[in-house]
Amino acid sequence: MELKPFEKKVWLATPKMHGDELRYMTEAYEQNWMSTVGQNINEVEKLAAEYAGCAHTVALSSGTASLHMAVKLAGEKLYGMPKVNEGTLQGHRVFCSDMTFAATVNPAVYEGAEIVFIDTERDTWNMDPAALEQAFCLYPEVKLVILVHLYGTPAKYDEIKAICEKHGALIIEDAAESFGATYKGKQTGTLGDYSAISFNGNKIITGSSGGMFLTDCKNDADKVRKWSTQSREAAAWYQHEEIGYNYRMSNVIAGVVRGQMPYLDEHIACKKAIYERYQEGFKDLPVQMNPYIEGEMEPNYWLSCMLINEEAMCRQVRGEQDALYISEPGKTCPTEILETLAKYNVEGRPIWKPMHMQPIYRTNPFVTAQGSGRAVTNAYIAGGCEDVGMDIFNRGLCLPSDINMTAEQQDVIIEIVRKCFQA
Ligand SMILES: *Cc1c(COP(=O)(O)O)cnc(C)c1O
């Protein structure tokens, strides 16, 4: 196959509109509901609750805002109402998935928590139950766990839930990337004590921005509604007893989400076809796709990723801002593949860099299946113990998973990646 750069860039993940989005946005405009109240918001909350199978939803300005509200609810339930100038989790330790996007963890930090990062397992690339067990040995006082379903693949929820129950800990579920994915037949976003999804522009369906808090508890939903509209009390004037936020979703944005909701299943089917096409195209290469447990979970296949086998890795060194590698026949590395894709006008991305490796969280505790990961990390660098998140970051990458990508384009991309492994 003769390879030449694409004229039009192939992206990692972009929105796909279907027409109704514009109709609902226009409706909001024509009826002058250009606000954070209106029919689109009501409908979106209803549609999402029906789809996910939960009793209550609150449409918010982002997934991050939804997680922030979840953190506040958990904090108040565990430790009571905070002082006005203090976070809800002030001075308390919280366990959090380590290999994730920063928005999973930041809201707990807004609320004053000290985060302990929990290492990743290899079966789903999510929180390792064995590492979580170790963390409770080291920090038995912890009462809150923040769990992500990375790239649309559900975490090992039952194992994690059992450990949390043993220690009386609550779970916040970050389903920002996994809307529509199921675990043992249940929708992600309805598993946790508190759950959040996102409608950011790159997610499985989008409002251009936006997010949602999901719950079966009416009281929690009411609280989130109140907090997200500046915590107004039921008085004729602006009356405030607690801190508030301007976190509600706009009725215009809600029009976009409303138009997307009926296409969620179609998007998932499309993403699954992309994943399977890569799987087939790479089946004789020394790589594996981002894994899931068949029969137990059905991902939404939001991003297709690959992991290069150790023996097929050429040398790669990453600094804080840039990366170097030494090309070797028959071997490659994420940096070489990403640079090659870029040459052909294709966007890939490194695996989300684990939080314990981020400069901002470098002094936070990190726990692996073997115990304190800070000691382990140094041993790993010396060639010893397991730091699974670091290993997946070193050997993995996110492949272009755009639902606007054609099968023909994907075949070319597969060929480009295959070339990187050639002698
Ligand atoms: C996108 C994302 C979020 C945040 O959602 P926003 O709507 O962008 O605020 C949180 N967690 C994860 C894992 C995400 O991918």
Side-chain angles (χ1 to χ4, degrees), residues 11-15 44 48 57-72 74 94-111 115 117-118 120 124-127 145-155 157 171-181 183 188-189 191-192 194-214 224 228 245-250 253-254 256-257 260 264 267 271 290 299-305 349-356 358 361 389 392-393 396 398 401-402:
W11 299 93
L12 187 75
T14 62
V44 149
T57 57
V58 186
L60 298 170
S61 55
S62 68
T64 311
S66 311
L67 285 165
H68 190 188
M69 296 291 88
V71 163
K72 296 254 310 174
V94 168
F95 295 153
C96 183
S97 293
D98 177 59
M99 199 171 82
T100 186
F101 184 56
T104 306
V105 51
N106 287 344
V109 179
Y110 305 161
E111 291 301 317
I115 311 295
F117 294 108
I118 311 297
T120 310
T124 75
W125 292 7
N126 286 303
M127 184 184 285
V145 174
I146 305 173
L147 175 71
V148 70
H149 306 294
L150 199 73
Y151 301 137
T153 301
Y157 194 79
I171 298 177
I172 291 176
E173 186 193 9
D174 179 356
E177 299 178 357
S178 70
F179 191 32
Y183 175 82
T188 59
L191 302 167
Y194 312 95
S195 303
I197 58 175
S198 166
F199 301 117
N200 187 3
N202 64 2
K203 299 299 193 307
I204 190 92
I205 60 168
T206 182
S208 72
S209 66
M212 194 169 269
F213 173 77
L214 299 90
V224 170
S228 62
Y245 304 85
N246 180 8
Y247 275 175
R248 274 295 256 171
M249 183 184 278
S250 143
I253 298 286
V256 184
V257 182
Q260 291 261 287
L264 176 52
H267 286 197
K271 293 278 194 184
N290 46 331
N300 71 0
Y301 304 93
W302 176 57
L303 287 191
S304 289
C305 305
R349 194 162 294 174
I351 295 297
W352 293 186
K353 183 172 176 175
M355 290 300 120
H356 80 278
Q358 300 286 354
Y361 295 124
I392 295 174
F393 175 63
C398 305
S401 310
D402 190 11

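Everything numeric here is computed off the predicted structure, so don't read it as measured data. Sequence positions, counted from 1, serve as the residue numbers for this chain. Counting starts at 1 for both ligands and their atoms, in listed order.
Ligand-side atoms of ligand 1 in range of Thr104: 11 (N), 13 (C), range being under 4.0 angstrom from any heavy atom. Atoms of ligand 1 found under 4.0 Å from any heavy atom of Ala103, numbered from 1 in the order shown, are 3 (C), 4 (C), 10 (C). If you number the atoms of ligand 1 from 1 as listed, the ones under 4.0 Å from a heavy atom of Val148 come out as 13 (C). Atoms of ligand 1 lying under 4.0 Å from at least one heavy atom of Gly210, given by number and element, are 7 (O).
Atom 11 (N) of ligand 1 has Asp174 OD2, 2.7 Å as its closest protein atom, hydrogens excluded (heavy atom only). The shortest contact between atom 5 (O) of ligand 1 and any protein heavy atom is with Ser198 OG, 3.3 Å. Regarding atom 1 (C) of ligand 1, its nearest protein heavy-atom neighbour is Lys203 NZ, 1.7 Å.
Counted by atom type alone, His68 and Tyr110 present zero donor-acceptor pairs between their side chains at under 3.5 Å.
Residue Thr64 touches ligand 1 through backbone and side chain together, judged by heavy-atom distances below 4.0 Å. Of the heavy atoms in Thr100, only side-chain atoms (C-beta onward) come closer than 4.0 Å to ligand 1. Residue-level proximity to ligand 1 for Ser62 is carried by backbone and side chain together, each with a heavy atom below 4.0 angstrom.
Here the shortest heavy-atom pairing between Gln260 and Thr206 reads OE1-N, 2.9 Å. Nearest heavy atom pair, residue Ile204 against residue Phe179, reads CG2-O, 3.6 Å.
Partner of Glu177 under the side chain to side chain donor-acceptor pair (under 3.5 Å) criterion, chosen from Trp302, Tyr151, Trp352: Trp352.
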Give the intermediate values and the outcome of side chain to side chain donor-acceptor pair (under 3.5 Å) for residues Thr124 and Asn126. CA-CA 5 Å; Thr124 75; Asn126 286 303; 3.2 Å; yes
